[in-house]
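Throughout, a chain's letter reflects where its sequence line sits, starting with A, and its residues are numbered from 1. In what follows, every heavy atom counts, from backbone to side chain, and hydrogens, waters and symmetry copies are set aside.
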Amino acid sequence: CNSTDALSLKQEFKQGYVIDEDAIAATPVGSSREQVLLSLGSPSITRDFGEGERFYYISQIRQRSVGFGQRRIVDQRVLAVSFNDEGRVDNIANYGLKDGRVFDFISRATPTGGRETTFIGGVLSGIGKGKPSLGGF
Amino acid sequence: CTSTDDADLALYVENIEPADRLYNQGLANLEAGRMTEAGRKFKAVENQHPYTDFGRKALVMQAFTQYRQGQFDDAIQTAKRYTTLYPATDDAAYATYIAGLSYWRQIEDVTRDQEETKRMIQVMNQVVTRWPDSEYVDDAQSKIRFGRDQLAGKEMQVGRYYLERREYLAAIRRFRYVVENYSNTRHVEEALARLTESYLAMGLVDEAQNSAAVLGYNFPDSQWYKDAYALLTEGGYKPQQSSGGWLSRVGFGKKSEG
Amino acid sequence: ATASRIDVRGNQRVDDQTIINYTGIRPGQNYGPADVDEAVKSLYGTGLFSDVSVTQRGGTLVVEVSEYATVNAVIFRGNKKAKDQQLAAAVQLQPRGTFSQAGLDQDVEAIRDVYSRIGRSDVSVTPQVSEVGNGRINIIYDIQEGDRTKIDRIEFVGNNAYSDRRLRDVISTKRSNILSFLFRNDVYDQARLRADEEALRRFYYNRGYADFQIISSDGVLNDAENEYLVTFTISEGERYRFGDISIDSTIPDVNGADLLREVDTEQGDYYSALEVENSILALSESVAGQGYVFAQVNPRGDRDIANRTISVVYTIDEGPRTYVERIEIRGNDRTRDYVIRREFDLAEGDAFNQVLVQRGKRRLEALKFFESVNVSTTQGSQPDQVVMVVDVVEKSTGEFTIGGGYSTGGANSGPSVELSVTERNFLGRGQFIRLAGGGGKKSRNYRISFTEPYFLGRRISAGFDLFRSTTDQKKYDTATTGGTVRFGLPITEALSAQIGYTYKVDDYDLDDCTITNSSTGANTCGLSNFIARDVSKGDWHTSAVTLGLTFNTVDSLSKPREGLYGKTELELAGLGGDASYYKLTARGQYYALLNQEYDLAFVGTVGGGYVDSWGGEDLRTFDLFRNSNKIIRGFEHNGIGPIDSGDHLGFQAYAHASAEVTFPMPVLPESLGFRGAVFSDVATVGGTPFSGVDESDGLRASIGVGIQWDSPFGPLQVNYAEPLVKKDEDEVQRFSFGIGSKF
């Protein structure tokens, strides 16, 4: 068995849109909306508020040095394709990891309803379903 | 060999009591809070006098008793049987409403499957659409609002899960889903604030400004807007004040229907 | 036409108004022939009436009905094995429903079906219908259950590569034996038969028989004996070996050559479907690692009938670029959404990668929270988007166990009882919590354990244990109370590290025995001075850090046949507290399958340990190794090594090795799950910090036989070991018995 992979430590994860350089090259400024959809595929997200239509293709590369480690972002690329009113590409922008800012997110959450299992409920409900098993003899 | 008491079991039949007396006994027990006894009386009426007017009324009262006793699955079954047998009667609205309430009482918190919430919304919608002038429409609509709020809450919970792991694309799509499909729930404010955070974390400053602008335009005094505003100003930006044209197209929350 | 009045006739129970409602015609309202048909159809639709006629007579519309009898009560008599509730759910004719003879006949069959599913197809059901007046009837089913339908014999036709006996071990349907009521696996059931056919196919496909076919499989019921004879007719076909293995990739800079080492299938080996599957997974994993996430690996095998080889070509090409639009989790009524979602290394918006999906599915199944986990995909909102649906069916993860046991090792040998409450998915958060208490004649122990598998949002399993145990030895009693905080850190899929901190207090007191000189430990009850001196120290605090490393590639916990298991641990005591020593232990086990045909499994074990004091206090007898029964079978716990006035003191160092071969028990029917074992152990112990003590170090060896039973209560093991090389003062114990898994 290939025991080497059992020992290889560093793991790399490619997340989000998979970048294909020549597909990007095939959609220069001026190409139509259909061309972009054909070669780059459907965008990760589109602009919903604000002026003008824009496609965003978002990809991240993460690395985890050891099994229990954090999956750190090592590279992040956002390809922003903006269209003018005739639906032609008028600007292609690239954002990298350095553009992002790291800060703590707001810890509050809007409250929601629904039944929560209590401590005793949690322990008993689990047992309620299981039949007592006679361990040993 | 069948034992003696089995023999007369074959000929066993409850002694028939007049339907109205049994029914009123059921109602009396209900008022007095003796649920099991009330349930037994209504069941007896329905057994002995099926397809009679009292039998019909007893069936819906049986569903109500089962609901009050917390036997939600039975209540839903009984209510369904009523609406299939007597669709045209006005008690059918009440039976459907009881089924909706039974689902409502079983709704789990947002970290678990929201199957019951979806079923409740579906049943309460039946009450609103098929019996628009029944007395249960108002509460049915408020339960629908609660259900939609719960479903939005689940989307937000998954969105926050991805945001914590800094998987921004997944988080943004979940928050966008809330803004697009649940804009009339309380969660839309937080969704817009989270969008501002996610876009900023990725460096898409103008998108962050747009989201904050929509939040400010629709919910100027919400705490979420204050947080989003603070986040932007910290970075030296301000919510987009550019041409308000598209802003007016994006009004919801206070202006859109309830 | 219009009717001024509607007259309903022939109805006994259903009142007129309800019938008129169903006709949909109102007095005075105009109606045509179509409305009449509609009325008749809807009245029949209620299922209450055997016939209906709607005719106009003069000004009145006459609705003539005759009602079916309605069912007042359905009674089952004579049923013991199947409960009333279970039968009531299976039959169609329900109270308040309408009676029909066809319905009755169907229900008799339904009841027979319920019984044949629990292995009693020789049941007889006689229905009775009795009038109870007012057009209502009671249905009574008289049931004679007869006894269990057994499976007398399972035979195979056409197998010459593997014996009937070996194939019977592969399938789950078993012959009836005295313990069948326990396992319930001797029930003849079509679904189980299909599953057995699949098991046989996989067994043969994985051993080179690519042309294997099941010609027929059926059970013949011998009514007189109420037993089934199950026969599988199979055609094994030729046994193939792998021809040449090649990889051709249409992706430009992925070249097949250097991927060959990833592949399990090697030329010359016997053909195995499992190895092909593993190779596909390995290949797609390494190609995805190089960034080609959409790559798809498909095998193409072409047979060479003449010299019976199958050469395999793995084609790698760029698959469709599909992305995961959403991950929907369904069926989790108790488990929290994130406990399931976090097992996938895949987020929404990522490329849809089968390898990551399968790995996530395997991880979920390993949690043992679910009866079943299946992942399906539905079309997303865009052609290249897919919605991934994870459907789970939860199972009860709480256990309340009353465990009895008889152990011949350890301080509290003899019968013991243990009660424990365990919840493996506490509050649906995936946390493990267990409260256990128990004891034997001379001992009591209590333990609380808790583990959070995802500490700080990472794959770190953090937990704590609180324990208290009291034992009274022959001449003195000990009481230990303490707690441990522990962390499990997975490094790779196979290698993981453990870090822990333990604080415990040992308390000793002597039974009716006084110490005359506390510095030498001399005492009045003949206890070794060294032990007495340690006991006289009163309560003893130990504060220790433990560092461990575990490597585990064993294929299965319950039936290990291949793989390596290694564990080494360093315990460092002395950061505060009284004790100050370092204790290093290591243990390695190698599993190999010697022979496919007879399922002969080999397990080789090597291990060792060393303890010594450092810094302040010197070693106590209680700090030394005493687990002699664990390192060599045939000897008592703390029964070998340095000895002083008849009491063994424990030893500072040991090394041991063992070789064991296990095989299916020849005599007993294999359905009972017994395996025999032959083993030989060798160990050497020695080293003591005390002077003037008979070290009694040196080699010990023993050989023995054992029986292993995979019982419903957990793996049971009974061993008989005969010491060959021993010292006179060693305490021998030929029989040993225990329950519990090997790791």
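Looking at B:Gln150, the atoms closer than 4.5 Å to chain A (heavy atoms on both sides) all sit in the side chain, from C-beta outward. For A:Phe105, the parts lying under 4.5 angstrom from a heavy atom of chain B are both the backbone and the side chain. At a 4.5 Å heavy-atom cutoff, B:Glu116 makes no contact with chain A through either its backbone or its side chain. Heavy-atom distances place both the backbone and the side chain of B:Tyr168 under 4.5 Å from chain A. In this structure, chain B has a heavy atom under 4.5 Å from the side chain of A:Arg71, while its backbone stays farther away. Contacts between B:Ile172 and chain A at a heavy-atom distance below 4.5 Å involve the side chain alone, from C-beta outward.
A pairwise comparison of heavy atoms in B:Asp206 and A:Arg47 identifies OD2-NH2, 3.4 Å as the closest pair. For B:Arg160 against A:Ala109, the heavy-atom pair with the smallest separation is CZ-CB, 3.6 Å. A pairwise comparison of heavy atoms in B:Leu169 and A:Gly16 identifies CD2-CA, 4.0 Å as the closest pair. Here the closest non-hydrogen pair linking A:Glu116 and B:Asp109 is OE1-CG, 3.7 Å. Smallest separation of non-hydrogen atoms from B:Met202 and A:Val78: CE-CG2, 3.5 Å.
For the set B:Glu180, B:Glu190, B:Met156, the entry with the most heavy-atom pairs within less than 4.5 Å of chain A is B:Glu190. Most heavy-atom pairs under 4.5 Å with chain A: of the set B:Gln114, B:Lys154, B:Glu164, B:Arg112, this distinction falls to B:Arg112. Looking only at heavy-atom pairs under 4.5 Å with chain A, the residue among B:Gly235, B:Gly153, B:Ala152, B:Ala201 that has the most is B:Ala201.
Surrounding CZ of B:Arg68 are at most 12 heavy atoms belonging to other residues, nucleotides or ligands under 6.0 Å away. Residue-environment remark: CG (A:Asn94) exceeds the threshold of 12 foreign heavy atoms within 6.0 Å.
For the atom pair OG1 of A:Thr110 and NE2 of B:His187, the computed distance is 5.5 Å after rounding to the nearest 0.5 Å. Rounding to the nearest 0.5 Å places CG of B:Leu215 at 9.5 Å from CZ of A:Phe49. B:Arg173 contributes atom CZ, which lies 8.5 Å from atom CD1 of A:Ile58 (distance to the nearest 0.5 angstrom). Here A:Ile45 contributes atom CD1 and B:Phe175 contributes atom CZ; the two are 12.5 Å apart, rounded to the nearest 0.5 Å.
The shortest side-chain heavy-atom distance between B:Glu234 and A:Phe103 does not fall under the 4.5 Å cut-off. Inter-residue side-chain proximity for B:Val205 and A:Tyr95 is flagged as unmet; no heavy-atom pair is nearer than 4.5 Å. The shortest side-chain heavy-atom distance between A:Ile106 and B:Trp224 falls under the 4.5 Å cut-off. Residues B:Glu167 and A:Arg62 are in side-chain contact: their nearest non-hydrogen atoms beyond the backbone lie under 4.5 Å apart.
A:Tyr56 and B:Glu207 are linked by a side-chain donor-acceptor pair at a separation below 3.5 angstrom, with hydrogens and angles left out of the test.
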**OP:** Assess whether side chain to side chain contact (heavy atoms under 4.5 Å, CB included) is satisfied between B:Gln157 and A:Thr112, documenting all intermediate values.
**Re:** CA-CA 10 Å; B:Gln157 184 260 333; A:Thr112 53; over 6 Å; no
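With hydrogens and angles ignored, the 3.5 Å screen pairs a side-chain donor or acceptor of A:Gln60 with a backbone N or O of B:Arg166. Using a distance-only test at 3.5 Å, with no hydrogens or angles considered, a donor-acceptor pair links the side chain of B:Arg186 to the main chain of A:Pro111.
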